[in-house]
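I have placed the structure first, in the form of structure tokens, so that the comments after it can refer back to it.
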Amino acid sequence: MHLIFSQNKALHFQFFNTNFHYIMEYNFSDIEKKWQLYWKENNTYKSEIDKLRPKYYVLDMFPYPSGAGLHVGHPLGYIASDIFSRYKRLQGFNVLHPMGYDAYGLPAEQYAIQTGQHPAVTTKINIARYREQLEKIGFCYDWDREIRTCEPDYYHWTQWAFIQMFNHYFDTKLQKAQPISSLVKAFETSGTEGIRANCTEEICFSAADWKAKSEKGQQEILLNYRIAYLADLKVNWCSALGTVLANDEVSEGVSVRGGHPVEQRVMRQWSLRVSAYAQRLLDGLNTIDWTESLKETQKNWIGRSEGAELKFNVKGQDFNFEVFTTRADTIYGVTFMVLAPESELVKQLTTTEQKANVENYITATKKRTERERIADRRVTGVFSGSYALNPVSGTTIPIWISDYVLAGYGTGAIMAVPAHDSRDYAFAKHFNLPIIPLIEGCDVSEESFDAKDGIMENSGFLNGLSVNEAIAKAKEYIAEKGLGRVKVNFRLRDAIFSRQRYWGEPFPVYYKEGMPYMLDESKLPLELPEVDKFLPTEKGEPPLGRAIGWEVDGFPLELNTMPGFAGSSAYYLRYMDQKNDKALVSPEANQYWRNVDLYIGGTEHATGHLIYSRFWNKFLFDLGLICEEEPFKKLINQGMIQGRSNFVYRIKDTNTFVSLNLKDQYETTQLHVDVNIVSNDILDTVKFRNWIPEYKTAEFILEDGKYHCGWAVEKMSKSMYNVVNPDDIVEKYGADTLRLYEMFLGPLEQSKPWDTNGIDGVHRFLKKLWSLFYKDDNLLVTNELPSTDELKTLHKTIKKITFDIENFSYNTSVSAFMICVNELFTLKCNKKAILEPLSILLAPFAPHIAEELYHILGNEETVCDAQFPVCNEAYLLESSVKYPISFNGKVRFMLELPATMSKEDVEKTAMANEQTLKYLEGKVPKKIIVVPGKIVNIVI
RNA sequence: GCCCGGAUGGUGGAAUGGUAGACACGAAGGACUUAAAAUCCUUUGGCUUCACGGCUGUGCGGGUUCAAGUCCCGCUUCGGGUACCA
């Protein structure tokens, strides 16, 4: 019986006052607009604390709103997280799924410098565009919680956190942040005696010393301990851009942007004592569910190395210095020492005779950036004139200066063991210094032996030990004899937190006698002032130097602004309680939402944002302000969507273009062509002529009447003309198709090229699904009881989809949906009992069509609040199994047998089969393997 | 250099050690149509055979196993990250 549902149109479309009639064909455009409006008007995606339901927090890495808008690669991760959010909600979780904008950044400011357009204006426009694009895709974001890092009510809390960092130090024994006031108390009673505080520089003083110091002197000392501190640091300074640049913004001594010269300069900069948290950042990795490769990247970045700090006396002077080594076992092989050119020791150890040489060398190296030094591996160096004494063997060894040693790591000085370190080896060969092999049988005539295995020789008391034994014994010896101490070093550096830029958070800092003081918290937010130009002042101060009245109570305010990562370090907490003007997040909201259950974003943030936000979060945790030590419990990196470029071939010196397979007959130039005027690699020649004026008169040499383009996978970028805009896809196919296709492209975590051509497949799938509901203008849906085949198809799909969502294998879910619909189509199934669970199942992936179908089936509530179907295994039971019968592993034929048949009977039946006899060729099988329900293998 | 990923048809990709190529795209052929679009049906890894079928096949070379795309060893190659970190 076919039954046409008589639905309550008035109720169904109560939010439309027009005569909206049923859509009989799959009109995605109307359907999507309709439901997007419905969701908005019904606050479907509003999330609130609900202690009766378990929470689930799904977060996307929020975007920087660039002027170019979103391309088709950007939403990939957003779609994935959206699917998971919707899935969790269907399972009864209270889902928090917010979105916002990382709104401060260089591009808007560069644009401002060029055009005079205020970055706030540009940013606002860009955000509006992003929002419009995102809304078209049908995400379930709770837009009421939107944040923008450039808004005062947001950066209020960035500034606030900075003040807390200024007011705390890191206790190395407790391994947590403590109020700076307790450090002051300790100084007052016993000076630095017994304090365990992470610091920039080891200093010692008594309580009396402390008390004798002026206010300014005390403040200067406290900067040595504060978690947010001001210190003189070596930076890449670009005077033309008027700012410090990060290492990756500099190449070959010039700025990447603009090609302006960059010099090394020591500047007083704000920094965050991230390195104090190194051990905890490392340990925390064991508690979170991130990919191994990402954890590995962070481990390497943190770079923990255990070793020893060894004291070396200088020959003929009452002076010693320390080096850090992880290879204390190689102490007998030290044939020279090397100091970093920037090391304080250089001055001390350069002899009068060598002074001129050393100064020349230092001037030469100063000109080069760290990056250049790395790129250019020529061995350079100069002898200091001094000698050190080996603390173990007592031998005299020359002290050199070379830029292959970094001032910022360890002590800025090393003991060189050329036989067992390739860098020391290169240096020794170049300057003809001795090389002493320390491991039996190793050959150091051509290269060093860096491996940590073998038996020690030429090493006094370490002889005969293995390398690992020798390392342990040497460390023991060093500690015992007081020659040094066992030490752990980290590669992780403190984060430079100042930018000489306009478009960033102002520091809540003013200066008195050159010393920084924090604004009172009641004065926050300190709003970004207006300036006449977004350029440095005549005096070379940052742009804020132009702001009129940039001071408090007559004291000047800080002129630097905060860097990009400031606003993104705690944003996940703010989403929990976005409108709170009393705190970053209320304890109540934080206790409920706790931390991010699922975070999806790109790998490019592995060592930046993901380290800084973990640090920032741990700091707030230490203060007892939040309840979770790690911000992101599970993290998934979506792969990059690459572009798929198309090419045309122009015959040299003509305006004639030759098709791909004929191009070798001519001398041609390969040119990129806009992928949007190419379909299945066939060029639309009319559109091509209208594309660029130069091609107006283009001629074509075709093959079978078509112009075939070449193609290649490249980065998606404007200059390659391979950018695809999601708006165009939504316009042509709808958001549901876009969502499904992005997922269908391949595994979420893998990089893959975007090729719009495949999209017809998923669009056809949706139309086919629709056709299960409607034929022409008739609703086909019936209330008949489903058959076992139909139930099997449905439950098989439920099982697969559930498994795939849990495993983020969305590409195979889309396939599973296709298989399901194909089967239902073949079965001519129009039964509500099947179609309703299917529409719920599909809702996370294609929410608009699912919502429409769900309502067509007579439901009046949103599909978002339905219950996710559960697989009933009973429907999946098969009565028979098709056994592949194989001989020596090669499958020869199939044999259908009852599922309940015993292993022995399967074997008997298979052996008795006449085809088996044929393949046995009269031989007796050596072995017969029967895997029940799977396969039979006969070995002959 | 080091670390992490990949490598499967013309293309994107699928496959708890158990029928390699699911699902799609493209292509070819057909149906419907005045035509086009849309839709539907068939074929589609390679070689071979009139056909049944056979051989071969997951970057390369070995190995483990009754059975390997999958596990182990040694390479090639392409991406990504990172780098004088002592």
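Below, all heavy atoms of this structure are taken into account, side chains as well, without hydrogens, waters or symmetry copies. As the structure is a prediction and not an experimental result, all values here were calculated from the model. In the text below, chain A, chain B and the rest are named by the order of the sequence lines, each starting its count at 1.
At the phosphate of B:G12, neither OP1 nor OP2 sits under 4.0 Å from any side-chain N or O atom of A:Lys752. Applying the 4.0 Å criterion to OP1 and OP2 of B:A24, one finds that A:Asn822 has a side-chain N or O inside that range. Considering only side-chain N and O atoms, A:Asn811 lies under 4.0 angstrom from the phosphate OP1 or OP2 of B:A14. The phosphate of B:G54 has OP1 or OP2 within less than 4.0 Å of a side-chain N or O from A:Arg892. An OP1 or OP2 oxygen of B:U39 is reached within less than 4.0 angstrom by a side-chain nitrogen or oxygen of A:Lys767. An OP1 or OP2 oxygen of B:G54 is reached within less than 4.0 angstrom by a side-chain nitrogen or oxygen of A:Tyr919.
Within the 4.0 angstrom heavy-atom criterion, base atoms lie near A:Val931. Using a 4.0 Å heavy-atom cutoff across all strands shown, A:Ser815 reaches at least one base atom of the nucleic acid. Residue-level contact check: A:Ile819 touches the backbone only, with heavy atoms under 4.0 Å from sugar-phosphate atoms and none from bases. If you check every strand for non-hydrogen atoms under 4.0 Å, A:Ile929 touches a base. No contact: A:Lys882 has no heavy atom under 4.0 Å from any strand. Within the nucleic acid shown, A:Ser305 comes within 4.0 Å of sugar-phosphate atoms alone, with no base atom in reach, counting heavy atoms only.
B:A86 atom P lies 19 Å from atom CZ of A:Phe427, rounded to whole Å. Atoms OH (A:Tyr810) and P (B:A14) sit 15 Å apart, rounded to a whole Å. Atom CG in A:Asn937 sits about 13 Å away from atom C1' in B:A68, given to the nearest Å. Distance A:Ile641 CD1 to B:G79 C1': 16 Å, rounded to the nearest Å.
With a cut-off of 3.5 Å on both Watson-Crick or G-U wobble distances, the partner of B:G57 is given as none. Pair assignment for B:U64 gives none, since no Watson-Crick or G-U wobble pairing has each distance under 3.5 Å. Across all strands shown, nothing is found opposite B:U34 as a Watson-Crick or G-U wobble partner with both distances under 3.5 Å. If you check B:U42 for Watson-Crick or wobble pairing at under 3.5 angstrom, you find it paired to B:A28. Base pairing of B:G17 is not made with any nucleotide, judged by Watson-Crick or G-U wobble geometry with both donor-acceptor distances under 3.5 Å.
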* Residue pair A:Leu842, A:Leu769: steps toward the side-chain contact (heavy atoms from CB on, under 4.5 Å) verdict -> CA-CA 11 Å; A:Leu842 184 67; A:Leu769 169 67; 3.4 Å; yes

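Rounded to whole Å, the C1' atom of B:U44 lies 29 Å from the corresponding atom of B:C60. Taking the P atoms as reference points, B:A27 lies 41 Å from B:U82, given to the whole Å. Nucleotides B:U19 and B:C71, compared at atom P, are 16 Å apart to the nearest Å. Taking atom C1' in both B:C32 and B:C41, the straight-line distance is 11 Å, to the nearest Å. When the C1' atom is compared between B:A14 and B:G21, the two are found 7 Å apart, to the nearest whole Å. One C1' atom belongs to B:A86, the other to B:A15, and the distance between them is 48 Å to the nearest Å. Comparing B:A28 with B:C78, their P atoms sit 34 Å apart, to the nearest whole Å. Using atom C1' as the reference point in both B:C84 and B:U77, the two lie 28 Å apart (nearest Å).
Using bins of under 30°, 30° to 60° and over 60° for the plane-to-plane angle, the ring pair A:Tyr409/A:Phe324 lands in the perpendicular bin.
For the pair A:Arg491 and A:Trp301, the cation-pi criterion (under 6.0 Å, within 45° of the ring axis) is fulfilled.
Annotation: A:Tyr425 is not in aromatic contact with A:His420 [ring centroid separation under 6.0 Å not met]. Residues A:Trp711 and A:Phe647 keep their aromatic ring centres 6.0 Å or farther apart. For A:Phe427 and A:Tyr404, the gap between ring centers is short of 6.0 Å.
Syn is the classification of B:G9, since its glycosidic angle stays within 90° of 0.
Note that OH of A:Tyr741 is 9.5 Å distant from OH of A:Tyr733, once rounded to the nearest 0.5 Å.
Between A:Asn757 and A:Met894, it is A:Met894 whose nearest contact on RNA chain B lies nearer the 5' terminus.
With hydrogens and angles ignored, no donor-acceptor pair under 3.5 angstrom links the side chain of A:Arg764 to the base of B:C25. Remark: the A:Lys934 side chain and the B:U19 base include no donor-acceptor N/O pair separated by less than 3.5 Å.
For A:Asn300, the side-chain atoms get nearest to B:C3 when compared with the rest of B:C3, B:A83, B:C25.
Taking the charged nitrogens against the carboxylate oxygens, A:Lys311 and A:Glu322 have no contact shorter than 4.0 Å, which rules out a salt bridge.
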